[in-house]
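Note: hydrogens, waters and symmetry copies are ignored here, and every other heavy atom, side chains too, is used. We count ligands from 1, going down the list as the structure has it; atoms in each ligand are counted the same way.
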Amino acid sequence: MSNFTVPRLSPNKRQSYRPPSRQNGSSAISTGGSLRRPASTMSLRSTSSGIRRPSTPVSSLRNTSGSMISSRASSPNSSRPSSSLSSRSTRPVSSMSGLSSRSSTFNENIYSGTIMVSVRPRPLREQVKTSWMIDSDESTIYSPELGDFTFDSVFGNEVNNQDVYNTSVADIVNKTLDGFNGTVFAYGITGSGKTHSMQGSPSDPGIIPLAVTEIFNFINENSHIKNYSVKVSYLEIYNEKILDLLQPENSSTPQAFSSASNPSTNDLKIRDDPMTGVKVVGLSEEPVNSVDELLSVIERGHMSRKTGETEFNSRSSRSHAIVLIRICSIDILTKAETVSTLSLCDLAGSERAATQTARRKEGAYINKSLLALSTAIAKLSAASTSKTNSNVGHIPFRDSKLTRLLQPSLSGNSVISILCTVHLGEQSYSETVSTLRFAAKAKNITLNASKHELLGGSNSEKDRVIEKLQNAIQKQKVEIELLKASNGLNSLSISSLGPLSESSSSSSDSLRLRDVNAQLASENRLLTERVEHLSRLMDEKRTENVILKTDIMTSLTSVGTLLNNPTVLRNLEELFRDQATEIEEYNSYISHLENELGKYEYKKYFGESQNQPDSSPAVVAVVVNDENIECPLSPISDSDMNGGYKTHGLVSPSKVRNNVLKNGNQRELQSLIETQKEEIDDLKESIKNKDKIIKALRTSSRFKNSLSTDLQ
Ligand SMILES: Nc1ncnc2c1ncn2[C@@H]1O[C@H](COP(=O)(O)OP(=O)(O)OP(=O)(O)O)[C@@H](O)[C@H]1O
């Protein structure tokens with residue numbers, strides 16, 4: 001059974017909905033079951049700009065069941081104001097400029113303005129703490145640490161998908177129906193509500209089914225003025241591969257049989273396209289004639305989408321999914337033809353490093369493409385805000401399939417709405433901040449979208465296209481003439497195909513030129529493939545690096561987290577102190593043993609009656625082998641030094657042996673020496689281990705100090 005319930009909007013509800021507080025321009029708060037206090041009684045707080053205005057902490061925006069509430073009316077098709085719109089084609093231009101609340105201008109063929117950016121927090125559970133606040137103006141979200149973030153809309157908890165659609169998406173769909181390309185995408189961390197907003201549920205249909213409904217309602221209304229055709233494609237980008245969700249490969253063509261003529265649907269290629277900017281080669285398109293048909297095609301594609309379980313979402317989308325709805329209209333009277341595409345994107349959510357390898361790989365690809373998207377957005381934002389447009393550099397659209405596909409839209413060829421979904425719990429604070437920063441940058445981007453009218457349009461439009469084509473033909477003619485006139489160039493160009501015959505006519509010249517052209521085109525193809533191959537290799541390398549970096553960061557973060565825990569730190573310091581004390585004890589025990597050994601050896605060597613001089617240093621070690629007896633602090637013969645000691649000397653083994661024999665039991669002495677030596681070695685080994693531990697503890701302590709310095 002389809003997941004989508006088809007909402008039937010009555011035609012007059014198609015126009016953009018503004019909540020009551022906005023429509024009458026006041027900040028009055030709707031009380032339809034809402035617990036939000038009226039603005040006048042709200043606590044005042046100062047903002048970064050010094051203006052004081054009412055605000056409500058997110059935590060207080062909960063109703064008794066723990067869900068958040070805001071002033072936006074929850075109005076499942078009921079409380080929405082009905083507009084007097086009878087036909088969009090007759091709607092005054094001024095009423096269509098509401099795409100973004102920031103400055104935007106619109107004429108029949110060009111839209112200039114900014115991206116519509118909205119923020120939708122996922123409802124918090126009762127016990128979840130948050131420091132975020134949403135202003136009653138429904139456009140500002142505030143954190144005490146970072147201040148205000150202002151967007152076109154910041155939704156409260158009680159809004160449903162219909163409200164989100166009316167406020168943030170309906171204008172985009174309307175413009176698509178007018179011939180502009182439209183793009184809507186949901187962006188946010190895993191589990192923040194992207195799929196919930198885009199697809200919805202039977203009881204709360206999402207943006208995709210609502211947009212589809214609006215499209216067909218409009219088409220039905222205007223079928224007496226224009227002929228429409230609608231086609232749908234559905235693709236996903238999974239691990240940097242583009243897959244056709246309407247023709248999953250395993251259902252039809254086995255990979256082994258895929259060839260250039262029957263390209264694999266498991267990794268479709270993107271090509272530049274003069275009409276649409278980019279084109280996914282081989283992506284299937286299905287014609288559809290009704291809401292139900294369109295939704296069932298999407299539902300079919302949806303079944304093939306990759307999902308998996310993450311820490312935050314038991315059914316997480318592991319791919320970026322894009323529904324492309326192509327609408328073609330031909331004016332019955334003027335024959336003006338427009339083609340426009342509505343792209344509805346449910347992006348995969350970013351997430352912290354996962355534990356499973358497969359999830360980690362997916363996560364690395366997802367994070368990589370989202371990083372590419374936010375880099376592109378940041379650069380476009382810088383380009384839009386910079387007065388000179390210089391120093392913004394190249395926009396790296398080719399860094400990921402996602403940015404490559406969105407390139408025409410982000411480059412201004414589309415009207416765009418971005419819905420940023422966030423989770424306002426403390427646990428996701430840093431992710432929420434980065435999503436809001438992304439949203440703020442996106443808000444700066446300016447768009448200059450134009451309608452996509454084809455031949456057959458108004459006379460002036462037709463003339464413009466004809467003139468363009470004639471100019472192109474003229475240019476080519478001149479080029480051919482130049483080639484013909486220049487023998488040198490001619491022979492240079494054609495030499496690779498063999499000499500021209502003396503008597504070549506102009507027609508054979510042009511045949512040869514066509515051959516040269518074909519050869520150059522095929523070389524070009526080869527080079528393009530090589531470039532693609534190399535960039536794929538680079539992509540793989542980058543992904544490996546991302547995975548490696550993610551692993552390293554995970555380890556560093558866990559060490560950092562461990563060292564930031566005061567209890568762990570205290571325990572480590574105690575351990576460190578204990579080890580140091582123990583080492584000192586060992587050292588003094590070793591000295592004691594060495595002293596004893598020295599005394600014992602001295603007595604054996606010089607006789608029981610001789611006392612070791614008090615001032616004599618201890619023997620540190622005695623090594624017995626066949627050739628030498630090494631006594632780093634060994635006693636030497638009477639004659640050598642009158643019973644004194646020589647440091648680190650080597651005594652001849654025969655001398656020692658003689659003296660030992662003179663004093664009795666050599667075996668006993670040797671075994672004692674060896675036992676003592678083994679004990680000393682064991683103790684030294686144990687000190688070495690302790691030293692290692694101390695060294696490791698010192699290193700972690702240094703690492704912790706440097707981490708905390710970095711964090712400051
Ligand atoms: N605004 C909301 N109201 C009610 N439930 C919501 C809302 N947002 C999200 N949820 C619920 O939270 C869960 C996760 O949401 P969803 O699957 O839409 O997240 P997501 O951002 O698409 O995650 P992923 O990127 O992992 O696919 C779902 O059960 C969804 O129903």
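Judged purely by atom type and a 3.5 angstrom limit, S192 uses its side chain to pair as donor or acceptor with the backbone of I189. The main-chain N or O of A348 is found under 3.5 Å from a side-chain atom of H320 such that the two form a donor-acceptor pair. Between the side chain of K441 and the main chain of A376, no donor-acceptor pair closer than 3.5 Å is present.
Taking each of H196, H320, R122, K194 in turn, the one with a heavy atom nearest to atom 13 (C) of ligand 1 proves to be R122. Closest heavy-atom approach to atom 9 (C) of ligand 1 among the candidates G193, G349, A321: G193.
Distances between N or O atoms of L347 and those of ligand 1 include no value under 3.5 Å. The shortest N or O to N or O distance between T190 and ligand 1 is under 3.5 Å. Among the atoms of T195, some N or O lies under 3.5 angstrom from an N or O of ligand 1.
Within the 4.0 Å heavy-atom shell around ligand 1 one finds I189. Contact between R120 and ligand 1 is present, with at least one heavy atom of the residue lying under 4.0 Å from the ligand. The closest approach between a heavy atom of G188 and any atom of ligand 1 is not below 4.0 Å.
Scored by the ring pair (Phe, Tyr, Trp, His ring centres under 6.0 Å) test, F438 finds Y187 as partners (sequence neighbours excluded).
With V323 as the fixed residue, the side chain to side chain contact (heavy atoms under 4.5 Å, CB included) test singles out one of D346, L245, V297, I298: I298.
Taking both residues in full, the closest heavy atoms of D267 and K241 are given as OD1-CA, 3.6 Å, listed atom of the first, atom of the second, then distance.
Less than 4.0 angstrom separates some heavy atom of P123 from each of these atoms of ligand 1: 1 (N), 2 (C), 3 (N), 7 (C).
Residue H196 holds its NE2 atom at 5.0 Å from CG of D204, rounded to the nearest 0.5 Å.
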